[in-house]
Amino acid sequence: MNFELKSLTLAQAAQLPVDALLVLLPDHLPKALAASPDALTRLAVLALGDMESGVGQMVAGYKVEGVKAARVVLVRAGDASAAAVRKAVAAGTAALRQAGVEKLALVLSCLPDDAMAVRMAVQASADASYTYTTTKPSAKPRALKRVTVAVADAAAVRAGFEVGKALVSGVEFAKEWANRPGNHATPTHLADAARALGRQGGIKTEVLGPKQVAALGMGAFMAVAQGSAQPLRFIVMQYNGGAKGDAPVVLVGKGITFDTGGISIKPAPEMDEMKFDMGGAASVLGTFAALAELKPAINVVGLIPSCENMPDGLAVKPGDVVRSMSGQTIEILNTDAEGRLILCDALTYAARFKPRAVIDIATLTGACVIALGAVRTGLFSASDELADALQKAGDVCGDLAWRMPLDDEYAEGLKSSFADMGNVAGRAAGAVTAAKFLQKFVGDMPWAHLDIAGTAWKSGAAKGATGRPVPLLLQFILDQAATPAAVKPARRKTRA
Ligand code: BES
Ligand code: MN
Ligand code: ZN
């Protein structure tokens, strides 16, 4: 998909050589505009008077006099807030999907210039036209090729437009990999995708295999992988946009390419959805794809422990005790609580980067789906500052999260008679006890955990990856780039 941004009045947009115009109408048209005599503006004024209220309400016109495009869709954008613009563009783009529109103009010229609204418009048009085709040759590929965003003053919103474009790349990268079935997205495939990102420039990718992971002592990660015929991969990506030595943000993504549950096997219904169990990893890859385009001044490290969780003669068994890279031993009481086992070793590994913040992203618990559904990602952090920054990043870009508790009492159930801890703590507060398990491996790093089990994909008829939380992560990183980490005291030169 191609995007361009132009300064155009409504009258000028009417002359665009495109297949369709999607004109966003705020509840209150600017006075000066309402008086303009051109055909499209007259139509807009009339339509607004006739339409029911409500963001996303539409009327369509065909071969309208004075308008070059064959199709005009006028859609209500309510108070013109970024959220309303997103909803309106999503509805309008979806309505035009069937028409096979290749060139679309999103006309925001009647709205106040708002960089976030432009970013949302770009994102929503991509989201509503996305089609997964990789393993479905019969799928009608996305028709939409070129989107022209018309605004009153392009210079005022250019920054939002650029972030929007990068987010489209990042979100679609994440969706693509999360959507691929397990046999088309093995740990090796994921590592290849990470390497391919590395070749784009600006990103360094390193991939560790079973031998190197064993040498590091990642016994918890290895225990999960041992039941699978697919070799594990540990992916290390580095984007160095900041000064050398600046503490990085470290993102750790759960990369279980298929979760059967292992010996504690899952029931058959909906087990196919466990191909999405690498949604955290996909969001890290997607965020790096966006970083490669935007090139913000900050250092970011991406860590992806990736393997399958399979039942097998060699698979780890309930009751087995393993030694994590941290030295702490773990009694694996339930092999289906595998995400925390691969993440704990990755978190230990993260410490070597002396991160300004480490954030793990994981489709970790069904309990989080019960708690928060598909609306908000579960956000856990002992640091108020980091939790607030992530919460705010999500609020700003509409990729919402909700802070959950981490009281020490929640860790009680993790006690084990045979190891330093068990890997499960019963049914109550399952999302929180999983987070408490991870917390045992973060030492004094500023850490946050995002449980995206409910938000990384949609179930049901429209089954598919959402690309979340790439927008939240990118926003957080951009915010961090704007507020430099506490500078290490300069080493004092001793005078001779
Ligand atoms: N990948 C699942 C979590 C999951 C379940 C995500 C359903 C999305 C939908 C995870 O590995 C898992 O199986 N967790 C168990 C933990 C339990 C055994 C303590 C769960 O949530 O049931
Ligand atoms: Mn599991
Ligand atoms: Zn899992």
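We count ligands from 1, going down the list as the structure has it; atoms in each ligand are counted the same way.
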Notebook entry, point to check: Does atom NZ of K275 have more than 12 heavy-atom neighbours from other groups under 6.0 Å away?
Noted result: yes
Notebook entry, point to check: For the residue pair R86 and A124, what are the closest heavy atoms and their distance?
Noted result: O-CB, 3.5 Å
Margin query: Check whether K254 reaches the backbone of T363 with its side chain - one donor and one acceptor, N or O, closer than 3.5 Å.
Written below: yes
Notebook entry, point to check: Does one side chain, of S381 or S383, offer a donor that lies under 3.5 Å from an acceptor on the other?
Noted result: no
Next item on the list: Classify the side-chain pair E273/S459 by whether it contains a donor and acceptor separated by less than 3.5 Å.
Entry: yes
Notebook entry, point to check: Between T93 and S129, does any side-chain donor sit less than 3.5 Å from a side-chain acceptor?
Noted result: no
Margin query: Against L472, only a single residue in L379, I361, L390, L400 fulfils side chain to side chain contact (heavy atoms under 4.5 Å, CB included); can you say which?
Written below: L390
Margin query: If you count every heavy atom of other residues, nucleotides or ligands that lies below 6.0 Å from K136 atom NZ, does the total exceed 12?
Written below: no
Notebook entry, point to check: Is the closest side-chain donor-acceptor distance between R340 and T365 under 3.5 Å?
Noted result: no
Check: Which protein N, O or S atoms lie under 2.8 Å from the Mn ion (ligand 2), given by chain and residue number?
Finding: D259 OD2, D336 O, D336 OD1, E338 OE1
Note to self: Give the residues near ligand 1 by chain and number, with the criterion being a heavy-atom distance under 4.0 Å.
What the structure shows: K254, D259, K266, M274, D277, N334, D336, E338, R340, T363, L364, T365, G366, V424, A453, W457
Next item on the list: Would you list the protein N, O or S atoms within less than 2.8 Å of the Zn ion (ligand 3), leaving out water?
Entry: K254 NZ, D259 OD2, D277 OD2, E338 OE2
Check: Is there a donor-acceptor contact under 3.5 Å from the side chain of N423 to the main chain of N334?
Finding: yes
Check: Given side chains that start at C-beta, do those of Q328 and F441 come closer than 4.5 Å, heavy atoms only?
Finding: yes
Notebook entry, point to check: Would one find more than 12 heavy atoms of other residues, nucleotides or ligands at under 6.0 Å from atom NZ of K295?
Noted result: yes
Checklist line | Test ring-ring contact (aromatic ring centres under 6.0 Å, His included) applied to F276 - qualifying residues, sequence neighbours left out | finding: W457
